[in-house]
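The structure under discussion appears below in the form of structure tokens.
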Amino acid sequence: MKAIQILTTIVVLTLTSPKMSKSQPTQKTETRESSSATHNRKIEVLGQNIFYREAGHENAPTILLLHGYPTSSHMFRNLIPILSANYHVIAPDLPGFGYSDAPDRNKFAYTFDNLGKIMQGFIDVLALKRFAIYVFDYGAPTGYRLALANPEKITGIISQNGNAYLEGLSSGWNPIKKYWANDTKENRDAMRSSFVSFEATKFQYYEGVSDPSLISPETYTLDQFFLDRPDSKEKQLDLLQDYQTNVALYPKFQEYFRTYKPKILAVWGNKDPFFLPAGAEAYKRDIPEANIKFYNTGHFALETHLLEIANDILIFLKTLPK
């Protein structure tokens, strides 16, 4: 325990050191030593066992971390100890991902509305009254559904390649749009070979990364382990087919941004093959004060730019209401 506390303190001090890159903010953040390690827990939500990671002081401001495809809360494994020095951090696995239940397709419809309902039940069971959200990839439409339903709970938004604008969708979505238009066996089989394969999983981690040695092999290996479970790929293809409902909700998400003007920090890998930098810049259209940060990397920006992103997040979090 003492070793973990010392490590957390060292990492946070590193973030606020004046030796940071010239491209990063020089403002320092206030920190305190974390009182706990990361706890791995499960709770029942609407009949499903939801796994989540929790760290930090319960009376500190809360941050809800929502992962994307094809990963899980494992993607936050290095960020959680840094944030939990000053904040109460909660990172669940969505249903069908990671260590949460992956119910049978005949008993649970794999739609983003249902992911949103489970996460609504999750925050209700944990009695979360006020929290910031960190949204990434699939976590964005899930988290923005929570924001629409609970605007009074959201203290701020960190979007890491979490898209809410049409201009953020790259040409990489064109084959997927074909699948949306016609859910035929041929189109579904094409997505099975190109979207849920081991090669596709590795591609998401490596594309746009200038130094491949920064990618830990356990990331895509663990993701693919879960994808390769019986019927898991079919569940993911169901979700991919339903992703079009998120695009249809973009105007609602944007209306929420205009109406409530939440403070937002967009931290974006500028070489993401799926979500373009234009998707980050578009937040300024509805929230002119949005803080947009780009990093020279791909989709999984935390894997290559953890310290820079964490530093920007810590500075941003200090500006949020309690």
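Computation of the quantities below employed the complete heavy-atom set of this structure, encompassing side-chain atoms and omitting hydrogens, waters and symmetry-equivalent molecules. Just so it is clear, the model here is predicted, and its values are computed rather than measured.
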- Item | Co-membership, hydrophobic cluster, residues L46 and F112, 4.5 Å side-chain | yes
- Shared ILVMFWY cluster between I154 and L64, side chains joined below 4.5 angstrom? yes
- Task: Determine whether the aromatic ring centres of F122 and Y52 lie less than 6.0 Å apart.
- Result: yes
- Is it true that K202 and D223 make a salt bridge, defined as a side-chain N closer than 4.0 Å to a carboxylate O? no
- Query: Is the gap between the ring centers of Y134 and F76 under 6.0 Å?
  - Reply: yes
- Query: Between T245 and T111, is any pair of side-chain heavy atoms under 4.5 Å apart?
  - Reply: no
- Cluster check F225, F195: I/L/V/M/F/W/Y, side chain < 4.5 angstrom: no
- Item | Aromatic ring proximity H74/Y99, centre distance under 6.0 Å | no
- Below 4.0 angstrom, N of the basic side chain to O of the carboxylate: do K235 and D238 qualify? no
- Whether W173 and W180 hold their rings parallel, tilted or perpendicular, with breakpoints at 30° and 60°: tilted
- Query: Are the side chains of Y110 and Q236 in touch, meaning some heavy atoms are under 4.5 Å apart?
  - Reply: no
- Message: Please determine whether side chain to side chain contact (heavy atoms under 4.5 Å, CB included) holds for the pair F136 and F300, giving the CA-CA distance in whole Å, both sets of side-chain angles, and the decisive distance to 0.1 Å.
- Response: CA-CA 9 Å; F136 166 73; F300 285 98; 3.6 Å; yes
